[in-house]
Undergrad: 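Below you will find the structure I want to go over with you.
Hydrogens, waters and symmetry mates play no part in the numbers below; they use all other heavy atoms, side chains included.
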Amino acid sequence: MDSKEIISFAAKRNVKDSVFTKIFGEKKYLLQLYQALHPEDTETTEEDLKTITLEPIFLKDITNDLGFSVKDKLFILVEAQSTVSVNIIVRSFMYLARTYQEYLEETKQNLYGSKPVKLPKPELYVIFSCDTSIDKDVLTLSEEFFGGEESAIEVRVNVITDKNGKGIIGQYIIFTKVLDMQRKTLGNTEEAIINTIKICKNENILKDFLQEREKEVYDIMISLYNQEKIYEMFAQELIAESEARGEARGEARGEAMGEARSLERVVLEMLKDNEEISKISKFTHLSLEKINEIKSRLTNNLQLAGD
């Protein structure tokens, strides 16, 4: 597979199609998630829930993991992350703003009129499934970005980890931890996936879902594994090509510049697939600052292209 084929294939992968989004794309499991967040509410039914997850139309569109409304009175947005990043606060704010925009358009409310528009109350959550280093129940914009000082807006994201995850949310976290342990032992292999599903079914972790959707879960996980392998192949191939060009020219500086450009191409492809910054850093060994710099350039180019 040459570079163009790798780029084409990688760009078509949808890493958002994860086990998390698969589970809670079904109303009966979505209701269980809501009940885990609001155990006091015993009256809400599946019919009261409506999925409002943002769907991408163009490449530059933002997408979130899960959004749903409850009786048109409550918006709940949930993100599932493997590692801790306070940037989830800003992203959640952007997701909420976009969700409100779509809601106002759908309900045909006049945002410029004198009459107050009607908005469902928002709740923001982040599930840190594998990283338990965080000891906060809530992340706030003021504390994490402005040194605790008040500003024109405040954003509060409720943190869920294995310490406070209940019900089906707690089961999902355990599922990810079992998978992580199997991957550490067996690598990105079919055996790791099969063992994860088997262990979780035996331990009554997402048992009903796994029994109903075992083949789909397997296919999703294999797809994600292949995605990572593609990025690794892509990075290795581009670096090897740049080194060969540098050796042919006999220029160390040219070789280094070629490698840097190649790594940037890898970063761009992964950003286009909405990969987490931490994962991009892992594959390319570039700093978070450098990756964010490349991301800013990509965003600016997309904006210019859309103007």
Side-chain angles (χ1 to χ4, degrees), residues 16 18 20-21 23-24 30-41 44 48-54 61-104 106-107 109 111 116-173 176 274 276-278 288 292 295:
K16 284 292 184 184
S18 64
F20 178 83
T21 56
I23 295 172
F24 300 115
L30 185 61
L31 178 60
Q32 290 181 38
L33 182 146
Y34 172 69
Q35 291 170 336
L37 298 175
H38 286 275
E40 77 287 352
D41 184 354
T44 294
D48 296 322
L49 306 180
K50 178 183 177 182
T51 299
I52 54 172
T53 305
L54 299 173
D61 285 352
I62 61 172
T63 58
N64 59 335
D65 286 339
L66 176 65
F68 64 99
S69 64
V70 184
K71 300 177 182 177
D72 253 357
K73 295 181 178 178
L74 182 67
F75 275 175
I76 295 181
L77 305 187
V78 187
E79 292 299 301
Q81 305 289 309
S82 58
T83 56
V84 172
S85 170
V86 296
N87 291 328
I88 192 63
I89 304 170
V90 180
R91 284 159 48 199
S92 295
F93 170 69
M94 294 173 65
Y95 300 150
L96 179 60
R98 172 70 180 277
T99 301
Y100 272 144
Q101 181 183 9
E102 292 193 354
Y103 176 78
L104 290 170
E106 181 182 336
T107 55
Q109 297 189 63
L111 190 58
V117 297
K118 294 182 179 180
L119 295 176
K121 178 183 176 182
E123 289 184 3
L124 306 176
Y125 296 87
V126 59
I127 300 172
F128 290 127
S129 56
C130 293
D131 192 336
T132 58
S133 61
I134 190 167
D135 59 359
K136 297 179 180 179
D137 294 327
V138 179
L139 294 173
T140 65
L141 188 70
S142 59
E143 181 179 350
E144 302 298 337
F145 291 88
F146 305 126
E149 295 182 5
E150 292 185 0
S151 65
I153 60 172
E154 180 61 292
V155 181
R156 295 171 57 85
V157 180
N158 298 290
V159 175
I160 301 175
T161 65
D162 58 352
K163 300 173 186 176
N164 62 350
K166 294 180 174 58
I168 196 169
I169 301 176
Q171 291 182 45
Y172 169 75
I173 293 174
T176 62
N274 295 317
E276 294 180 17
I277 300 297
S278 57
L288 298 180
N292 281 318
K295 183 177 181 180

Undergrad: Do the side chain of T161 and the main chain of K163 share a donor and acceptor less than 3.5 angstrom apart?
TA: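 Indeed, once roles are kept as given, a pair shorter than 3.5 Å links the two residues.
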Undergrad: Less than 4.5 Å apart, side chain to side chain, heavy atoms only: is that true for Y125 and S92?
TA: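 When only atoms from C-beta onward are counted, S92 and Y125 do not touch, as no gap falls below 4.5 Å.
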Undergrad: At what distance, to the nearest 0.5 angstrom, does CZ of F68 lie from CG of L49?
TA: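 Between atom CZ of F68 and atom CG of L49 there are 6.0 Å.
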Undergrad: Tell me every residue that passes side chain to side chain contact (heavy atoms under 4.5 Å, CB included) with V117, counting only those two or more places apart in sequence or in another chain.
TA: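 For V117 the side chain to side chain contact (heavy atoms under 4.5 Å, CB included) partners, ignoring immediate neighbours, are L104, Q109, L111, L119.
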Undergrad: I'd like to know whether T176 forms a side chain to side chain contact (heavy atoms under 4.5 Å, CB included) with F20, so could you lay out the CA-CA distance, the side-chain angles of the two residues, the decisive distance to 0.1 Å, and finally the verdict.
TA: CA-CA 10 Å; T176 62; F20 178 83; over 6 Å; no
Undergrad: Classify the side-chain pair Y34/D41 by whether it contains a donor and acceptor separated by less than 3.5 Å.
TA: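 There is such a pair (donor and acceptor under 3.5 Å, judged by atom type) between the side chains of Y34 and D41.
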Undergrad: Sequence neighbours left out, what passes salt bridge (charged side-chain N to carboxylate O under 4.0 Å, His left out) with K50? Give chain and number order.
TA: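 Once residues adjacent in sequence are excluded, the partners of K50 under the salt bridge (charged side-chain N to carboxylate O under 4.0 Å, His left out) criterion are E106.
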Undergrad: Going from CD on E79 to CG on D65, what distance comes out if it is rounded to the nearest 0.5 angstrom?
TA: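 If I round to the nearest 0.5 Å, the distance is 4.0 Å.
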Undergrad: Is there a donor-acceptor contact under 3.5 Å from the side chain of Y172 to the main chain of S129?
TA: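 Checked: no pair found.
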Undergrad: Measure the shortest side-chain to side-chain distance between L124 and F93 over non-hydrogen atoms and say whether it is less than 4.5 angstrom.
TA: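 No, every pair of side-chain atoms sits at 4.5 Å or beyond.
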Undergrad: Can you name the residues that form a side chain to side chain contact (heavy atoms under 4.5 Å, CB included) with K136, not counting sequence neighbours?
TA: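 By the side chain to side chain contact (heavy atoms under 4.5 Å, CB included) rule, K136 matches I134, L139, E143, E144.
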Undergrad: By side chain to side chain contact (heavy atoms under 4.5 Å, CB included), which residues pair with A36, not counting sequence neighbours?
TA: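 Once residues adjacent in sequence are excluded, the partners of A36 under the side chain to side chain contact (heavy atoms under 4.5 Å, CB included) criterion are I169.
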Undergrad: Could you check if a side-chain atom of N64 sits within less than 4.5 angstrom of a side-chain atom of L96, using non-hydrogen atoms only?
TA: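 They are not in contact (no side-chain heavy atoms under 4.5 Å apart), so the answer is no.
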Undergrad: For a quick test of your reading: what N or O donor-acceptor pairs under 3.5 Å do the side chains of residues 69-78 make, sequence neighbours left out?
TA:
none

Undergrad: Would Y103 and Q101 count as having a side-chain donor-acceptor pair, cut-off 3.5 Å?
TA: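 No, Q101 and Y103 have no side-chain donor paired with an acceptor closer than 3.5 Å.
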Undergrad: Would you check if F24 and I168 make a side-chain contact, meaning some heavy-atom pair closer than 4.5 Å?
TA: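 Yes. Closest side-chain heavy atoms under 4.5 Å.
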Undergrad: Would you give the length of the straight line joining atom OG1 of T63 to atom CZ of R98, rounded to the nearest 0.5 angstrom?
TA: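 CZ of R98 is found 9.5 Å from OG1 of T63.
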Undergrad: Does the side chain of I160 reach to within under 4.5 Å of the side chain of I173, using non-hydrogen atoms?
TA: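 The answer is yes, as the side chains (C-beta and beyond) meet within the 4.5 Å cut-off.
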Undergrad: Do V157 and V138 have side chains that approach each other closer than 4.5 Å (heavy atoms only, starting at C-beta)?
TA: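 No - every pair of side-chain heavy atoms lies 4.5 Å or more apart.
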Undergrad: Using a 3.5 Å distance criterion without hydrogens, assess whether the side chain of D48 forms a donor-acceptor pair with backbone atoms of T44.
TA: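 Checking the backbone N and O of T44 against the side chain of D48, no donor-acceptor pair under 3.5 Å is found.
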Undergrad: Give a yes or no on whether F145 atom CZ has more than 12 heavy-atom contacts from other residues, nucleotides or ligands under 6.0 Å away.
TA: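 Result for CZ/F145: enclosed.
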Undergrad: Could you pull out the closest heavy-atom pair between Y100 and P120, with the gap in Å?
TA: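 The answer is OH-O, 2.6 Å.
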Undergrad: With rounding to the nearest 0.5 Å, note down the distance linking CG in L37 to NZ in K166.
TA: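 Atom-to-atom, L37:CG and K166:NZ are 10.5 Å apart.
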Undergrad: State, with a plain yes or no, whether a side-chain heavy atom of V159 is found less than 4.5 Å away from one of F128.
TA: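 V159 vs F128: side chains touch.
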Undergrad: Start with the C-alpha distance between R91 and Q81, add both sets of side-chain angles, then the distance that settles side chain to side chain contact (heavy atoms under 4.5 Å, CB included), and finish with yes or no.
TA: CA-CA 12 Å; R91 284 159 48 199; Q81 305 289 309; 3.2 Å; yes
Undergrad: Please test V155 against T140 for side chain to side chain contact (heavy atoms under 4.5 Å, CB included), starting from the C-alpha separation and ending with a verdict.
TA: CA-CA 6 Å; V155 181; T140 65; over 6 Å; no
Undergrad: State the CG-OH distance between L66 and Y95, to the nearest 0.5 angstrom.
TA: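 One gets 12.0 Å once the value is rounded to the nearest 0.5 Å.
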Undergrad: Per the side chain to side chain donor-acceptor pair (under 3.5 Å) rule, what does the pair list look like for residues 150-160, sequence neighbours excluded?
TA: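 Qualifying pairs: S142-E154.
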